There are 2 protein chains.
Amino acid sequence: MPERGRPRSFDRNAALESAMQVFWEKGYEGASLADLTAAMGINPPSLYAAFGCKEALYLEVMELYSRTIGMEIWSSLETIATIKEALNGFLLATAKAYSQPNQPHGCLIALGGLHSGEVTKPICGAFCKHRADSIVKLRQRLQRAVAEGELPASIDAEAIATFYATVQNGMSILARDGGDYRALKHVADGAMAAFDALTGR
Amino acid sequence: MPERGRPRSFDRNAALESAMQVFWEKGYEGASLADLTAAMGINPPSLYAAFGCKEALYLEVMELYSRTIGMEIWSSLETIATIKEALNGFLLATAKAYSQPNQPHGCLIALGGLHSGEVTKPICGAFCKHRADSIVKLRQRLQRAVAEGELPASIDAEAIATFYATVQNGMSILARDGGDYRALKHVADGAMAAFDALTGR
DNA sequence: TCTTTTTTGTAATGATCGATAAATAAATCT
DNA sequence: AGATTTATTTATCGATCATTACAAAAAAGA
């Protein structure tokens, strides 16, 4: 029975996507309600009725980002069978996503919540959780490779995962500074150049 | 003849250092005038008389940062004779500086100005200049190693410099997320594991 | 001592921030 | 039709933002 009362005159998903663009480019504090409502094509009361408040909207934007853009980037890590190619595909997908011409450069998750004065506590917590999860995903993929006999059990999976997650985060800053796909690929190649030495092959 | 009128009752350098702490931790937009004046122990008119405006204060803070903390980090790159040890020293100095317990984690330069809505144009320009300069410094050090016969002329100095600068920037995000010296050193070790492959040795 | 110069503390400026009150409009339910 | 429910528009809320008048205070120059 959600069909009572005046129907909403805008597409909630489209509005959320517009909000994502604004937050992605301008950050949480940098995106004003005026910026958001202008991009979403609605007035403040509609925003508050549909999303609660600015903070709740941002948290929902983070979920949308990791469900769409994030998925594009991370999927190759799981789908590619061999660990070295999976990591390489993951980094190249990162380079491609971070240099798309029609969207803000770099990652919304990597670049957000880096200054305590610019974010609320729940948002800071969500960022910590998401970024910590990046390391976990990489570590689990490395451990899978060990379980499959592809890598020796002697590797430091946590250290290697931290390294690749950190390289990816650095790529967000490079992309924000105008680094194109070519520059980002140089970084990916550099990180892959460490693979054999790190995994003892 | 700067000795006319009522003398300033606070130490300008100490106030600037306090402002650096606030901007470093909270970012440009996240640091309010109230935060700044409270930390500096002065009233707004004194801040404006001594530093001009918030933007000018921030630009001066950036200079102070690169002159002090930045110098600590980058000096080993020049002073250590061999390129591999110089790079390693540079990354370890970074890991140490980014995990100091008595100051904000990560680099003020690396983490600032990443969102267009949170910074003015002159500040954004200063960040671009500083971060681009990081790549230049690394590239020049690599080219010096080529000139000294330590590395082959066939290396892609720009690509390698971009890789190491990006790793360093990623370390700032890791440090902000609570990564300690041990975690940061893992990243430094990972980056150094790529050195031989990247330089063809 | 008296004027001049600069800094100080207090208080207030207009602008913008995120968030809402109130009235109207558009739908369903009885 | 009339009552109920929800969304919309318009206008505005108090709080906070960076910035600044203003007058008292503290120094040097005359």
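Treat the numbers as computed from the prediction; the structure is a model and nothing was measured. Chain naming here is simple, since letters A, B, ... match the order of the sequence lines and numbering starts at 1 in each.
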Non-hydrogen atoms of A/G190 and B/L198 that approach each other most closely:
CA-CD2, 3.9 Å
Heavy atoms of A/P44 and A/T37 approach each other most closely as N-CG2, 3.8 Å
Among B/L174, B/T94, B/L184, which residue meets the side-chain contact (heavy atoms from CB on, under 4.5 Å) test with B/S99?
B/L184
Would you name the heavy atoms of A/R176 and A/P104 that are closest together and state the gap between them?
NH2-CB, 3.6 Å
Polar pairs (N or O, both sides) under 3.5 Å between protein and nucleotides 24-30 of chain D?
residue : atom : partner : partner atom : Å
D/dA25  : N3   : B/R6    : NH1          : 3.4

Is A/K129 paired with A/D133 through a side-chain N to carboxylate O contact shorter than 4.0 Å?
no
Using 0.5 Å steps for rounding, measure from the CE atom of B/M20 to the CG atom of B/L57.
11.5 Å
Using the salt bridge (charged side-chain N to carboxylate O under 4.0 Å, His left out) rule, take A/R67 and A/E63 through it: C-alpha gap first, then chi angles, then the decisive distance, then the call.
CA-CA 6 Å; A/R67 198 171 61 240; A/E63 291 307 313; 5.8 Å; no
Without decimals, in angstroms, what is the distance between A/K26 NZ and C/dT16 P?
13 Å
For B/R12, is there an ion pair with B/E60 - N to carboxylate O distance below 4.0 angstrom?
yes
What integer distance in Å separates B/E118:CD from D/dA18:P?
13 Å
Is the NZ atom of A/K137 crowded by more than 12 outside heavy atoms at less than 6.0 Å?
yes
Counting only heavy atoms and a strict 4.0 angstrom limit, can you tell me which residues of residues 30-56 of chain B come near DNA chain C?
B/N43, B/P45, B/S46
For DNA chain D, just give me the dot-bracket, please: Watson-Crick or G-U, both distances below 3.5 Å, ( ) intra-strand, [ ] crossing earlier pairs, | paired with another strand, . unpaired.
||||||||||||||||||||||||||||||
Is it true that A/D35 and A/S32 share a donor-acceptor pair across their side chains at a distance under 3.5 Å?
yes
Gap between atoms CD and C1', on B/E29 and C/dA15 respectively (whole Å):
14 Å
